[in-house]
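In what follows, a structure is listed as structure tokens, so that the remarks can point back to it.
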There are 2 protein chains.
Amino acid sequence: MNRPPPVDSPTFSPLYRQIRALMTRSLQSNDWRPGDMIPSEAELALRFGVSQGTVRKAIDEMAADNLLVRRQGKGTFVATHNDQRSFFRFLRLAANEGELPALENIPLDCWRGKAGVDVARVLALEPGAAIIIIRRVLRFGGEPAVFDEIYLPGELFSELTLDILKAEPMSLYSLFESRYGVCPVRADERLRAVSADRVSAGILQVAEGSPLLLVERITRTYADKPVEWRRGYYSTMNFHYHNELGSGR
Amino acid sequence: MNRPPPVDSPTFSPLYRQIRALMTRSLQSNDWRPGDMIPSEAELALRFGVSQGTVRKAIDEMAADNLLVRRQGKGTFVATHNDQRSFFRFLRLAANEGELPALENIPLDCWRGKAGVDVARVLALEPGAAIIIIRRVLRFGGEPAVFDEIYLPGELFSELTLDILKAEPMSLYSLFESRYGVCPVRADERLRAVSADRVSAGILQVAEGSPLLLVERITRTYADKPVEWRRGYYSTMNFHYHNELGSGR
DNA sequence: CAGTGGTCTAGACCACCTC
DNA sequence: AGGTGGTCTAGACCACTGA
């Protein structure tokens, strides 16, 4: 194997992290697309001039981050939002009793605007840059549960319209991924309790002033580039936000 | 190496998982205590009759679950709640602006009772079993932020009193761990928005009816044994609950 | 059957910590 | 110097998938 010489710089990283970085670039550049099978470990080892064990360790990390999915006997695949499996990775909602009933996604409106200072800062845009604003409702078993206000960089989603949103059968992120090549992989959320204003109360069919769970989310893609800012109002009479502590971090 | 013969049963698990199970038993039995250094990888490999690589993989998993902590050059240690590092693993609170100010932990009361059907179910106790109820407040920079009602199995915390709680300088879990040998390692949380009742409002110094973030938590120790049920009311005017999506699960 | 990921080994060497 | 974890290799074999 053509082992690169050991690096002594302060930015030293082990080989498997360099391999990981190279593979991440293949994801960023859309060279490997969501759902695709990536080359086998043996081939990658050959291509990068390292042992299979080193490639394995790189893939292990990326699989732990849900960037890749391993399937024994089949291959390793780029994670996609086009399957039910990965759906609730970004929707931590559960029913207080029993299973969560069937989901309905109802887009309300979709228009273009200019980024204010706050949205610009969050999305790393120039103030005044083109953005898209979407409002939608999620219903479970006919009951409205989540009201989302979503802000997107206009540049990335150039021809997005309400009709396109309404035509999407799967999730919003599934649309981002297949139509715009934007694959959300990480998100930071801030949760607060707030009182329902007139608009939210009407849309969620609760009394004005009712307590709502406010979930603010910044969504990022491979290079940690922010691609969405979202404010979600969750009605938590019959549902709750579920979280597990202990691993990760 | 004395390799055990390959197992063909439906309960097959790879060697490194069996090693992990053995090591987890050393944690459960308090043979290895929080903060202790566990034997070196080489010694464990010798002891279990496997290669060092197999032990490494077992430890890797347990470190990913925050059961163990590796420190290069020093050794591998049992995770403990006695350091600031791991403090916020179980308190996902952050300030809306800037850093979180200094924490004050103020125990309010601590009394004994009998488990109702709901508490008994959650803590896997017989209805009517002895439990301990604690109420406390967390303040940040003098401002009350969290009001906790905590239910513990009486059996595990036999001589817990309000004075002991008041004397504890670190966290509650630090006390559990060092005084009662109970080490919380995992928790499930359910988050909802509710209106402040008279009691919570008074304690958190907000108006009655204000929206509060309700966090219900079931805490478990090594063998997934439930050791705490907690209802926390978070005042989210100046703070929020922080969560990261994307990895894990 | 061939191809894929999954496990396990043995050994070499590096990086870090403490004495 | 000696101990610890961290990286990397080469190769053997197992388990699963699908043609």
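From a predicted model like this one, the values you see are computed outputs, not experimental measurements. Chain letters run A, B, ... following the sequence lines, proteins first and then strands; every chain starts at 1.
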Checklist entry - Taking DNA chain D as the partner, which of residues 70-78 of chain A come within under 4.0 angstrom of it by heavy atom? => result A:Q72, A:G73, A:K74
Integer-rounded Å distance: [N] [atom2] and [X] [atom1]:
{"X": "A:R20", "N": "D:dG6", "atom1": "CZ", "atom2": "P", "answer": "17 Å"}
{"X": "B:E61", "N": "C:dC8", "atom1": "CD", "atom2": "P", "answer": "11 Å"}
{"X": "A:I38", "N": "C:dT4", "atom1": "CD1", "atom2": "P", "answer": "12 Å"}
{"X": "A:I19", "N": "D:dT9", "atom1": "CD1", "atom2": "P", "answer": "8 Å"}
{"X": "A:L46", "N": "D:dA10", "atom1": "CG", "atom2": "P", "answer": "11 Å"}
{"X": "A:Q52", "N": "C:dG3", "atom1": "CD", "atom2": "C1'", "answer": "12 Å"}
{"X": "B:L15", "N": "C:dG6", "atom1": "CG", "atom2": "P", "answer": "17 Å"}
{"X": "A:R17", "N": "D:dT7", "atom1": "CZ", "atom2": "C1'", "answer": "12 Å"}

Next on the checklist: Please determine whether salt bridge (charged side-chain N to carboxylate O under 4.0 Å, His left out) holds for the pair B:E61 and B:R17, giving the CA-CA distance in whole Å, both sets of side-chain angles, and the decisive distance to 0.1 Å.
Outcome noted: CA-CA 9 Å; B:E61 281 198 353; B:R17 280 208 200 281; 2.9 Å; yes
Would you call [X] and [Y] a salt bridge, taking side-chain N to carboxylate O under 4.0 Å as the test?
{"X": "B:K57", "Y": "A:D60", "result": "no"}
{"X": "B:E41", "Y": "B:R70", "result": "yes"}
{"X": "A:E216", "Y": "A:R192", "result": "yes"}

[N] OP1/OP2 closer than 4.0 Å to side-chain N/O of [X]:
{"X": "A:K57", "N": "D:dC8", "answer": "no"}
{"X": "B:T54", "N": "C:dT9", "answer": "yes"}
{"X": "A:S51", "N": "D:dC8", "answer": "no"}
{"X": "A:Y16", "N": "D:dC8", "answer": "no"}

Checklist entry - Do B:R89 side-chain atoms and A:G246 backbone N/O form a donor-acceptor pair below 3.5 Å? => result yes
Next on the checklist: Starting the side chain at C-beta, find the nucleotide from D:dT9, D:dT4, C:dC8 nearest to B:M37.
Outcome noted: D:dT4
Item to check | Selected nucleotide, minimal atom distance to A:E41 side chain, candidates C:dG5, C:dT9, D:dC8 | outcome: C:dG5
Next on the checklist: Under the criterion side chain to side chain donor-acceptor pair (under 3.5 Å), I'd like the reasoning laid out for A:Y16 against A:R56: C-alpha separation, chi angles, the key distance, then a yes or no.
Outcome noted: CA-CA 8 Å; A:Y16 70 85; A:R56 264 195 84 73; over 6 Å; no
Next on the checklist: For A:Q72, give me all partners under side-chain hydrogen bond (donor to acceptor under 3.5 Å, both in side chains), at least two apart in sequence or on another chain.
Outcome noted: none
